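Here is the structure we will look at, set down as structure tokens.
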Amino acid sequence: MTRRFLITGALPYSNGRLHVGHIAGAYLPADIYVRYLRSRGDDVLFVCGSDDNGVAITLSAQKEGLTPPEIVAKYNASQQRAFEGLGIDFDVFGGTHTPDYVERHTELSQEFFKSIYDKGYFTKRTTSQLYDVQADRFLPDRYVTGTCYLCGAEGAYGDQCEACGHSMDPLKLKDPKSVFSGTTPEVRETTHWYLRLDEFQEPLAQWLEEREGWRPTVLNFAKGQIKLGLPERAMTRDLDWGIPVPLDDPDAAGKVLYVWFDAPIGYVSFSSTLLERQGGSPSDYEEWWKSPDCKIVHFIGEDNIVFHAIIWPAMLMAEGTYQLPHQVVANSFLNIKFPGKDEEKISKSRGTAVWIEDYLTEFDPDPLRYYLTAIAPENARTAYDPDEFLVRNDSELLATLGNFVNRNITFAHKYFDGKVPEVGARSEVDEKLLRLCGEQAEKVAEQLEGFHFKAGLTEVMALARAGNLYLDEKKPWSQRKEDLAACGTTINVCLQVVRALMVLMQPFLPFSARKCLEMLQLDESALQWDQATTELPAGTALADPTMLFKKLQEQEKK
RNA sequence: GCGCCCGUAGCUCAAUGGUUAGAGCAGGGGACUCAUAAUCCCUUGGUUGCAGGUUCGAGUCCUGCCGGGCGUACCA
């Protein structure tokens, strides 16, 4: 029976380019999973897009001398280039304030909000907040500085004093200044709508308790937050950039939805836009989002756990007609280790990032996909090391996998007229290796079904290693001189392994799998998972060998 | 300060409380030559951060300590 999956990648904020951390965290594992599912014949919708709303967009825009729509367009395009270059192949890459998507997004977000509103899960509340008269805007806590009223340190932020670590009430800060204009803000009253998360504390706790197969990091964090208690959270903001609050109430005038309220709805609205574009009805998204036979899997980074494992499910519970996520897969952050320096966090401002667009000017996508999967921060933080990237490309990816494919294709060309040689009587050694293809296919599948991408990749490499070992045992370069038929059998068996490897590597290394496909002169359907053990007939003509991977380290001559 | 997470070989990572803690890479030695000097075999390497405790049995559970990280801008 065909399974159905709706897979999402966390919406990247459209005020910056993508770096290796983004990819390792959410998008690469999501893409691997999707490619795997598709090769199994499952029905998959793979959805992503940029997160275009919120105060940070307006600030970034200001900083770059652009309008919000301009900065959104700029980075949405940049991100799409990066994804495309890496072969991260979404069915749709929308944007919550991007032309072609914003209309549907607005509509669905407002509907969603109103639905929760009608059910009484919002509290309308008026509070005092600091207001920057000159900049004509309310100040988020983080955008106020002043003197800490607890320790007296200067430069405390409205949400926290970095000197003593205490959280701050921005209204109590001494000598407050707006980060925007530097002027002294005044206190004004403002009204917002707060989501009553407390109403969902019990249902959420219960729901999380029943989750199976979730990573402990996700569950522990979410359960811990719930145990601390879920305060009401304002779901509206005083801002002129975003989705207007859809209420007739005069207090709602000029206000927008909190960016984290509308962002996850982007998954839904992009789905809707996509399905309509494919000739369906805009409401077709309900077959994915509201049908229990479809499994929804969110891939995110660790900073998103609170939203995807608590707030978004709470929103869904409040709205009432959607199903809850089947899985929330979160990776930890990826640190970076530059030569001669200590491991450190990826930081845009300190320039300690490896940008995807930069990477792609120099290297092919698959080596990065390989390396980022091999070091994926699935359980704990790991570090990206540019030198190690080169080493692992040369000594693992190229030497073990690429070389195995290459030596067999080349051998067939040299001694068997560029064709798959006839297979004679197979020995137990031959049979064992052929069996291993199926066994490894099962192991890889099992790991991927459980979201263990790193372990899955290890099993792919294990097959390549077994192939190399087999070659060394059979020594076809010697067999050739003594018994050409036996030699043919050996190469035939190896080419079966090449075919299996092609199928198994496809989710991880799609570009290289395609090269294999071309060398074996097979069509697309050969990449289906169950084709891993389909025998490549003797006599099949092979295309000229092409290198799957390039050597990247400087060769020290000698 | 408080809360949470983490600490396993030089590096990246594994080990439902159950034999002697395992792989890959890197290092050392050897074999081979089809292949991108790739491959294959052998090998070095660990007081599982430290100290206690529970248990027939602890890398795994508990307590304390040390170290790092997160909770806090840019950020997955």
Side-chain angles (χ1 to χ4, degrees), chain A residues 9-13 15-16 18-29 56 59-60 63 141-143 157 159-162 164-168 179 216-217 220-221 224-225 227-228 299-306 330-335 337 343 345-350 353 371 374-385 387-388 391-392 394-396 398-400 402-415 452 454-455 457-458 461-462 465 467-480 487 490-491 494 545 547-551 555 557-558:
Chain A
L11 303 190
Y13 212 54
N15 69 343
L18 294 170
H19 55 63
V20 288
H22 294 107
I23 302 303
Y27 308 107
L28 180 55
L59 296 174
S60 299
K63 204 181 288 175
D141 295 350
R142 191 70 200 183
Y143 296 99
Y157 291 99
D159 55 351
Q160 188 176 36
C161 171
E162 309 261 306
C164 66
H166 286 95
S167 57
M168 293 280 108
V179 169
T217 43
N220 288 345
F221 184 83
Q225 289 296 310
K227 215 190 291 178
L228 291 173
F299 285 85
I300 59 171
E302 69 175 24
D303 60 336
N304 260 333
I305 293 174
V306 68
N331 273 351
S332 292
F333 281 145
L334 188 70
N335 287 342
K337 167 79 182 69
E343 179 177 331
K345 285 167 70 172
I346 290 178
S347 162
K348 294 178 183 178
S349 54
R350 288 200 306 275
Y371 181 57
I375 65 162
E378 288 176 2
N379 301 315
R381 295 200 164 193
T382 57
Y384 181 98
D385 180 335
D387 286 342
E388 200 207 353
V391 170
R392 294 182 80 132
D394 291 359
S395 63
E396 292 179 26
L398 184 152
T400 303
N403 189 234
F404 177 74
V405 173
N406 185 245
R407 62 199 300 205
N408 286 300
I409 303 280
T410 305
F411 203 103
H413 272 281
K414 247 175 153 167
Y415 302 110
H452 306 299
K454 191 173 356 196
L457 182 58
T458 302
M461 296 304 284
R465 246 173 254 117
N468 280 318
L469 176 59
Y470 169 85
L471 269 180
D472 241 63
E473 279 177 28
K474 303 282 283 200
K475 303 195 196 321
W477 47 91
S478 303
Q479 285 181 309
R480 177 176 66 84
C487 175
T490 299
I491 298 303
C494 282
M547 303 295 191
L548 294 187
F549 311 106
K550 286 185 224 140
K551 183 149 288 189
Q555 286 307 299
K557 306 274 187 242
K558 108 180 185 169

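Not measured: the values here are computed from a predicted model. Heavy atoms only: backbone and side chains are in, while hydrogens, waters and symmetry mates are out. We name chains A, B, ... by the order of the sequence lines, and we start the count at 1 in each one.
Taking 4.5 Å as the limit, every side-chain heavy atom of A:F404 sits out of range of all side-chain heavy atoms of A:T400.
Taking side-chain N and O atoms only, A:K454 has no distance below 4.0 Å to OP1 or OP2 of B:U12.
The base-pairing partner of B:U48, taking Watson-Crick or G-U wobble contacts with both distances under 3.5 Å, does not exist among the strands shown. Under the Watson-Crick and G-U wobble criteria, each requiring two contacts below 3.5 Å, nucleotide B:C11 is paired to B:G24. Pairing of B:U54, defined by two Watson-Crick or G-U wobble distances under 3.5 Å, is not identified with any nucleotide. With a cut-off of 3.5 Å on both pairing distances, the Watson-Crick or G-U wobble partner of B:G3 is B:C70. Both distances falling under 3.5 Å, in either a Watson-Crick or a G-U wobble arrangement, place B:U39 opposite B:A31.
Comparing B:C41, B:A35, B:A38 against the side chain of A:L469 picks out B:C41 as the nearest. Here B:C74 is the nucleotide among B:U36, B:A26, B:C74 with the atom lying nearest to any side-chain atom of A:N15. Nearest to the side-chain atoms of A:S395 among the listed nucleotides B:U36, B:U12, B:A26 stands B:A26.
Rounded to whole Å, the distance from CZ on A:F404 to P on B:U39 is 13 Å. Put simply, CZ on A:F333 is 17 Å from P on B:C6, counting in whole angstrom units. If you take CZ of A:R392 and P of B:U36, they are 24 Å apart, rounded to a whole angstrom. Atom-to-atom, NE2 of A:H452 to C1' of B:A15 comes out at 13 Å; the value is rounded to the nearest Å. The distance from atom OH of A:Y371 to atom C1' of B:C25 is 11 Å, rounded to the nearest whole Å. Per the geometry, NZ belonging to A:K337 stands 10 Å off C1' belonging to B:C11, to the nearest Å. Going from atom CG of A:D303 over to atom P of B:G71 covers 9 Å, rounded to whole Å. Note: CE (A:M461) to P (B:U39) measures 10 Å, nearest angstrom.
Using a distance-only test at 3.5 Å, with no hydrogens or angles considered, a donor-acceptor pair links the side chain of A:Y371 to the main chain of A:D385. Within the 3.5 Å criterion, the main-chain N or O of A:V306 finds no donor-acceptor partner in the side chain of A:Q225. Proximity of a side-chain donor or acceptor of A:K474 to a complementary backbone N or O of A:L471 within less than 3.5 Å is not detected.
Across the P atoms, B:A37 and B:C74 are found 47 Å apart, a figure rounded to whole Å. Here the separation of B:G22 from B:C6, taken at their P atoms, is 24 Å to the nearest Å. Using P as the reference atom, B:U39 and B:G24 are 12 Å apart when rounded to the nearest Å. For B:G7 and B:U20, the P atoms lie 23 Å apart once the distance is rounded to whole Å. When the P atom is compared between B:C4 and B:C62, the two are found 12 Å apart, to the nearest whole Å. Between B:U54 and B:G45, the distance separating the two P atoms is 34 Å to the nearest Å. Remark: the separation of the C1' atoms in B:G59 and B:A14 is 12 Å, to the nearest Å. To the nearest whole angstrom, the two C1' atoms, one in B:U8 and one in B:U48, are 4 Å apart.
Judged by distance alone, the side chains of A:T490 and A:Q479 do bring a donor and an acceptor atom under 3.5 Å apart.
Heavy atoms of A:L334 sit under 4.0 angstrom from at least one base atom. Counting any heavy atom pair closer than 4.0 Å across all strands shown, A:L398 reaches a base atom. Heavy atoms of A:L548 sit under 4.0 angstrom from at least one base atom. Note on A:N331: nothing from the nucleic acid sits closer than 4.0 angstrom, heavy atoms only. Within 4.0 Å (heavy atoms only), A:A26 reaches no atom of the nucleic acid at all. Backbone-only contact: A:A374 has heavy atoms under 4.0 Å from sugar-phosphate atoms and none from a base. If you check every strand for non-hydrogen atoms under 4.0 Å, A:Y13 touches sugar and phosphate atoms only. At the heavy-atom level, A:S60 lies nowhere under 4.0 Å from the strands shown.
If A:N406 and A:I375 are placed on RNA chain B by their nearest nucleotide, the residue sitting closer to the 5' end is A:I375.
Closest of all the heavy-atom pairs between A:N403 and A:A399 is CB-O, 3.1 Å. Here the closest non-hydrogen pair linking A:E378 and A:N331 is CA-OD1, 3.5 Å. The heavy-atom pair separating A:L398 from A:K550 by the smallest distance is CD1-C, 3.5 Å. In terms of heavy atoms, A:G402 sits closest to A:L548 at CA-CD1, 4.1 Å. Heavy-atom minimum distance, A:A24 versus A:P29: O-CD, 3.7 Å.
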Pairs: protein N or O with nucleotides 30-34 of chain B N or O, under 3.5 Å:
{"from": "B:C32", "atom 1": "O2'", "to": "A:W477", "atom 2": "NE1", "distance (Å)": "3.4"}
{"from": "B:C34", "atom 1": "O3'", "to": "A:K414", "atom 2": "NZ", "distance (Å)": "3.3"}
{"from": "B:C34", "atom 1": "O2", "to": "A:R407", "atom 2": "NE", "distance (Å)": "3.1"}
{"from": "B:C34", "atom 1": "N3", "to": "A:R407", "atom 2": "NE", "distance (Å)": "3.2"}
{"from": "B:C34", "atom 1": "N3", "to": "A:R407", "atom 2": "NH2", "distance (Å)": "2.3"}
{"from": "B:C34", "atom 1": "N4", "to": "A:R407", "atom 2": "NH2", "distance (Å)": "2.8"}

